[in-house]
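All values reported here derive from a predicted model rather than from experimental measurement. Throughout, a chain's letter reflects where its sequence line sits, starting with A, and its residues are numbered from 1.
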2 protein chains.
Amino acid sequence: MFKELNPLLHSELRLAVMSVLLSVESADFVFLREQTGATAGNLSVQIDKLQQAGYITVEKGFQGKKPRTTCAITEQGISAFEEYVKALRSYIGKGL
Amino acid sequence: MFKELNPLLHSELRLAVMSVLLSVESADFVFLREQTGATAGNLSVQIDKLQQAGYITVEKGFQGKKPRTTCAITEQGISAFEEYVKALRSYIGKGL
DNA sequence: TAAAGTAGTTTATTTTATAAACCAAATTTT
DNA sequence: AAAATTTGGTTTATAAAATAAACTACTTTA
C-alpha cells in the first residue's frame with residue numbers, strides 16, 4: 001500500500017539541500033545556507049549525514065584565505081531522490 | 001524558495017493515516033493499523049496528535065462488546081493536507 | 001589592537017518516533 | 001472451568017532526530 005519513505009531524505013532540511021543540489025551542479029556552504037534558510041549548525045550536521053550516505057560529495061578547500069565547502073549531488077543521491085519522490089506518490093496520489 | 005513542511009504531517013505514519021482517511025469517510029483503529037502496517041502503540045500516539053491538531057475526529061465506542069475507535073478526517077485536516085502537498089512541490093518540482 | 005564578521009564544527013537541549021510493557025475484557029483451548 | 005490467547009487499545013521508556021547555542025579559528029575593518 002504505502003512505500004517506505006527513505007528516512008534520510010524525509011527531513012525538511014536534507015530534502016531542501018538535495019533539491020538545491022539537483023538543480024545546480026555544485027553549491028557551497030554559504031549558498032546552501034541562504035537557499036534553505038537553515039542555521040549553520042543544522043546545515044553542517046545534515047550535510048554530513050548526506051555525505052555519509054553517499055548522496056552528496058563534500059569538498060573542503062580555501063578560496064583565498066577563507067574556508068570554502070563545496071557540495072555536489074552524486075548519482076546515488078539522484079536515484080535515492082527519485083525513489084523518494086516515487087514513494088511519496090503512494091501517500092499523496094497523482095493528484096498534484 | 002522552499003515552503004515550510006507542516007511538521008505534523010511530515011511524518012510517515014501520520015501522513016499514511018491522513019492519506020487513508022482522505023479516501024474513506026471513516027476508518028477504525030484496526031483498519032488503520034492494517035493499512036499502514038504500524039504497531040498499535042505508535043498508531044495510538046499518532047492518532048492522538050492528529051486529533052489534538054484538529055485534523056481528524058476520533059470516536060471511541062463499542063461494537064457489541066469490543067471497543068471500537070473510529071476516525072475521520074476534518075475539513076481542517078483536508079486543507080492542511082492540501083497545503084502540505086503544495087509545500088512539497090517546492091522541494092520536488094512538478095514531477096510529483 | 002580591539003571589535004566584528006566569516007565559515008564552519010561541536011556539544012547540549014528539545015522534540016519525535018518507535019518499541020516494549022502493560023491493561024481489561026473477550027474468546028479459545030485443554 | 002481454569003488457563004492461555006487474542007483483541008483493542010494506552011502508557012511508559014528508549015532511541016533517534018532536529019535544532020539551537022556555544023565555541024573555534026581565522027580575517028577584515030575601524
Without placing hydrogens or testing angles, list every side-chain donor-acceptor pair under 3.5 Å for residues 56-64 of chain B, not counting sequence neighbours.
none

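- Across residues 17-30 of chain A, not one residue has a non-hydrogen atom less than 4.0 Å from an atom of DNA chain D.
- Considering all non-hydrogen atoms of both residues, Ser90(B) and Met1(B) come closest at CB-O, 3.8 Å.
- One finds the CD atom of Glu12(B) at 9.5 Å from the CG atom of Leu88(A) (value rounded to the nearest 0.5 Å).
- Partners of Tyr91(B) according to the ring pair (Phe, Tyr, Trp, His ring centres under 6.0 Å) rule, which considers only residues two or more places apart in sequence or in another chain, are Phe2(B).
- Residue pairs meeting the salt bridge (charged side-chain N to carboxylate O under 4.0 Å, His left out) criterion with at least one partner in residues 64-73 of chain A, sequence neighbours excluded, are Asp28(A)-Arg68(A).
- Here Ser79(B) contributes atom OG and Ile73(B) contributes atom CD1; the two are 9.0 Å apart, rounded to the nearest 0.5 Å.
- Fit an axis to the five pairs at each end of the helix from dT1(C)-dA30(D) to dT30(C)-dA1(D) and the two axes sit 10° apart, to the nearest 10 degrees.
- Across the protein-nucleic acid pair, Arg33(B) atom CZ and dA19(C) atom C1' stand 15 Å apart, rounded to whole Å.
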Write down the protein N/O and nucleotide N/O pairs, taken from nucleotides 15-21 of chain D, whose separation is under 3.5 Å; answer none if there are no such pairs.
from	atom 1	to	atom 2	distance (Å)
dA18(D)	OP1	Ser11(A)	OG	3.2
dA18(D)	OP1	Arg14(A)	NH2	3.3
dA18(D)	OP2	Arg14(A)	NH1	2.4
dA18(D)	OP2	Arg14(A)	NH2	3.4
dA18(D)	OP2	Gln46(A)	OE1	3.4
dT19(D)	OP2	Asn42(A)	ND2	3.2

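- Taking OG of Ser11(B) as the reference point, atom CG of Leu5(B) lies at 12.5 Å (rounded to 0.5 Å).
- Near-neighbour residues of DNA chain C inside residues 56-66 of chain A, defined by a heavy atom below 4.0 Å, number-ordered: Lys60(A), Lys66(A).
- Atom-to-atom distance recorded for Thr74(B):OG1 and Leu21(B):CG is 10.0 Å, nearest 0.5 angstrom.
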Identify each donor-acceptor pair in which a side-chain atom of residues 29-52 of chain A lies under 3.5 Å from a protein atom, sequence neighbours left out, and give them as a table.
from	atom 1	to	atom 2	distance (Å)
Thr36(A)	OG1	Leu32(A)	O	2.7
Thr36(A)	OG1	Ala38(A)	N	3.3
Thr39(A)	OG1	Asn42(A)	N	3.3
Asn42(A)	OD1	Gln46(A)	NE2	3.0
Gln46(A)	OE1	Arg14(A)	NH1	2.5

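- Partners of Tyr84(B) according to the ring pair (Phe, Tyr, Trp, His ring centres under 6.0 Å) rule, which considers only residues two or more places apart in sequence or in another chain, are His10(B).
- Residue Ser44(B) has no polar side-chain atom (N or O) positioned under 4.0 Å from OP1 or OP2 of dG9(D).
- Sequence neighbours left out, not one pair with a member in residues 15-26 of chain B passes side-chain hydrogen bond (donor to acceptor under 3.5 Å, both in side chains).
- Taking atom CZ of Phe31(B) as the reference point, atom C1' of dG9(D) lies 18 Å away to the nearest angstrom.
- Atom CG of Asp48(B) is separated from atom P of dT15(C) by 18 Å (rounded to the nearest Å).
- The salt bridge (charged side-chain N to carboxylate O under 4.0 Å, His left out) contacts involving residues 75-84 of chain B comprise Glu83(B)-Lys86(B), where partners must be two or more places apart or lie in separate chains.
- Rounded to the nearest 0.5 Å, atoms CD1 (Ile92(A)) and CZ (Phe81(B)) are 6.5 Å apart.
- Atom CG of Leu43(A) is separated from atom C1' of dT6(C) by 15 Å (rounded to the nearest Å).
- Protein atom CD of Glu34(B) is 12 Å distant from nucleotide atom C1' of dT7(D), rounded to whole Å.
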